[in-house]
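A short write-up of the structure that comes next.
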Amino acid sequence: MRNRELANIFIKIGDALEFKGEMPFKIAAYRKAARTLEDLTEDIEVLWKDGKLTSIPGVGKGIAKKIDEYLETGEMKKYKEAMEGISSDLLELLNIQGMGPKTLRIAHDTLGVSSRKDLEKVIKDGSLASLPGMGEKKVENIKKGLEVFSAEEKRISIGIALPLAEEVIDWIKQAGVERVAPAGSLRRMRETIGDIDILCASNRGGEIIDHFTNFARVERILAKGETKGSIIIKEGYQIDLRVVPEECFGAALQYFTGSKPHNIKLRSIARQKGLKISEYGIFKGNNKIAGREEEEIYSTLGLAWIPPELREDRGEIELGKAPELVDYDDIRGDFHIHSNYSDGVNSIKEIAEFAKGLGYEYIAITDHSKSAKYANGLDEKRLRKEMREIERVQEEVGIRIFRGTEVDILRDGSLDFDDNILQDLDIVIAAVHMFPKQDLTDVILKACSNPHVDAIAHPTGRLISRRQGYKVNINEVIECAASTNTALEINCYYDRLDLSDVNARRAKQSGAKIILSSDAHNLGMMKGMRFGVGVARRAWLSRSDVLNTFSAAQLESWLKERV
DNA sequence: GCCGTTTTCGGCCCGACTGTTTTCAGTCG
């Protein structure tokens with residue numbers, strides 16, 4: 001899979017051309033192609049071999065030819081040409097807030113700035129401020145931007161951002177406003193969030209913003225005006241609040257939810273109809289014809305309302321109607337929970353009662369297997385004991401509990417338990433818990449092909465905040481899962497969200513079933529399911545793709561039939 | 001460089017804000 005590799009090349013070409021002052025639309029074309037490639041569920045090499053490159057949106061004759069050249073020869077003339085006299089260190093500087101292509105160009109040409117160090121130097125010695133069009137304040141902004149830039153990229157997991165946003169929304173509501181909502185990538189349920197965007201309807205902007213900036217954990221107030229406030233809280237996250245009049249709320253919500261490519265496409269549709277969209281509404285000439293409700297924005301353009309999770313310009317607009325997506329209310333159970341038999345903190349009974357309180361029809365208890373020493377993994381004897389306890393609790397609490405295990409996949413692809421005990425369990429999820437340098441694709445494929453394995457847990461092993469995951473060709477795993485009718489897990493723990501939305505969408509297209517699992521080690525973690533639902537929706541999964549929407553009886557027959 | 005109920009050329013989303021200017025360019029979302 002070389003999609004990302006090609007996407008990165010086109011991103012660099014875009015940056016390089018921007019630096020060189022090339023036509024903006026050409027630059028946008030490369031970036032659009034890059035983005036499409038990143039999101040593409042098909043393998044670019046397959047499309048290439050089939051001669052279907054130009055069927056990819058944003059890929060025309062020109063870019064197709066460049067992809068062809070690159071896949072054929074490993075090189076791309078256009079890339080070399082664009083990068084002539086330009087280093088990656090230099091292009092990196094374009095990511096600094098306040099530093100655009102024009103500013104970088106002039107700093108490079110007149111002061112020889114081509115790296116972060118150079119930039120720091122010309123800020124310090126005042127030469128940057130002396131350039132035409134520059135001044136002290138601009139330099140100060142770039143300096144601040146450089147500080148943020150240096151502090152590593154800081155995106156927050158949705159699992160941290162969403163509860164935080166809800167806390168802030170509660171605070172804003174105390175100022176006596178009704179309509180307050182998250183916007184931006186948070187509302188689109190992206191896996192990670194840059195800044196937290198919140199939108200509010202009121203005619204008392206200044207007053208609301210004032211109240212907002214008095215939030216308990218404010219560290220610094222960045223901006224405080226009549227319509228917009230911006231704070232940084234103690235944890236280091238930026239939160240922006242915008243206040244608009246009630247009659248603009250829908251338009252503003254649509255606008256600030258984005259994504260940018262989605263909005264661009266909507267606006268071009270509006271333009272074709274002789275309309276104009278802004279965050280204040282849809283206008284025909286000077287007449288506002290929509291804006292209070294978000295649905296109006298879409299319906300005025302002749303479209304059905306589109307769920308925020310889909311708004312990425314990945315075909316959701318052309319579709320004409322919203323696809324049926326799995327919803328949090330559809331979730332009837334949880335497939336991956338640890339009890340105090342291994343490394344969880346709660347008893348099976350506590351878990352069962354809590355699950356019942358969540359409205360679940362069933363859960364699976366899946367403690368670690370014996371090799372997972374660090375997690376107090378169960379040997380066969382303890383697992384048998386646990387199975388008996390599960391049966392008792394099931395009777396007592398009155399919720400279906402599947403007797404399960406999260407069995408370790410060992411280095412040679414064999415499982416940590418033998419068939420004798422696996423066949424006595426209701427559900428077996430298998431997982432890798434090691435991080436060797438070697439590629440684990442074959443190891444996972446072997447486990448996936450084992451008829452006793454019903455699902456592969458956290459298939460790539462990534463942790464959003466701190467590790468990439470093991471070396472694995474996830475597309476091969478997806479294909480294998482589809483062909484062996486083995487489910488793939490979306491692990492809903494906020495720092496995993498593994499599968500990612502892109503991989504989950506690939507899984508759907510391959511026909512693999514998906515399970516959502518909290519991987520809970522305590523009761524609170526069981527509520528993390530909603531983050532995984534976000535991933536599933538972003539992956540366009542419908543109810544029939546997700547086993548958690550099945551009834552207990554349907555599941556039992558699925559588990560029986562798949563072997 | 002892409003693309004097509006204004007089609008194979010001539011368009012390509014829109015507005016706010018900022019800081020530098022003295023009417024606007026650059027940057028951002």
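Each chain gets a letter, A, B and so on, in the order the sequences are listed, and its residues count up from 1.
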Expressed as a whole number of angstroms, how long is the span from A:Arg271:CZ to B:dG11:C1'? 8 Å
Does a donor on one side chain and an acceptor on the other come within less than 3.5 Å for A:Asp495 and A:Ser157? no
Expressed in whole Å, how much space separates the P atoms belonging to B:dT8 and B:dC14? 22 Å
Give one of base, sugar-phosphate or nothing for A:Ile63, where a contact means two heavy atoms less than 4.0 Å apart. sugar-phosphate
Rounding to an integer number of Å, can you tell me how far A:Arg31 CZ sits from B:dC12 C1'? 15 Å
Generate the contact string for nucleotides 17-29 of chain B. Rules: B means base contact, S means sugar-phosphate contact only, - means no protein heavy atom under 4.0 Å. --SS-----SSSB
Using a heavy-atom cut-off of under 4.0 Å over every strand shown, decide if A:Lys276 touches base, sugar-phosphate, or nothing. sugar-phosphate
Taking the six-membered ring for Trp and the full ring for Phe, Tyr or His, determine whether the centres of A:Tyr493 and A:His458 are under 6.0 Å apart. no
Which word best sums up how the rings of A:Trp171 and A:His211 line up, parallel for under 30°, tilted for 30 to 60°, or perpendicular for over 60°? parallel
Given atom NZ of A:Lys32 and atom C1' of B:dG11, what is their separation to the nearest angstrom? 15 Å
Checking all strands, does A:Lys66 fall into the base, sugar-phosphate, or nothing category for heavy-atom contacts under 4.0 angstrom? sugar-phosphate
Residues which pass ring-ring contact (aromatic ring centres under 6.0 Å, His included) with A:Phe249, listed by chain and number, not counting sequence neighbours: none
How would you label the contact of A:Ile27 with the nucleic acid (heavy atoms, under 4.0 Å): base, sugar-phosphate, or nothing? nothing
Applying the Watson-Crick and G-U wobble criteria at under 3.5 Å, what pairs with B:dA16? Answer none if nothing qualifies. B:dT27
Would you mind reading off the distance between A:Leu53 atom CG and B:dG1 atom C1', rounded to a whole angstrom? 15 Å
Taking CD from A:Gln272 and P from B:dG10, how many angstroms apart are they, rounded to a whole number? 18 Å
Hey, does A:Asp197 have a side-chain heavy atom less than 4.5 Å from the side chain of A:Thr257? no
To the nearest 0.5 Å, what is the distance between OH on A:Tyr30 and CG on A:Asp15? 13.0 Å
Flag, side chain of A:Arg2 to backbone of A:Ile44, donor-acceptor distance under 3.5 Å: no
Please confirm whether the shortest side-chain N or O distance from A:Tyr280 to OP1 or OP2 of B:dA16 is below 4.0 Å. yes
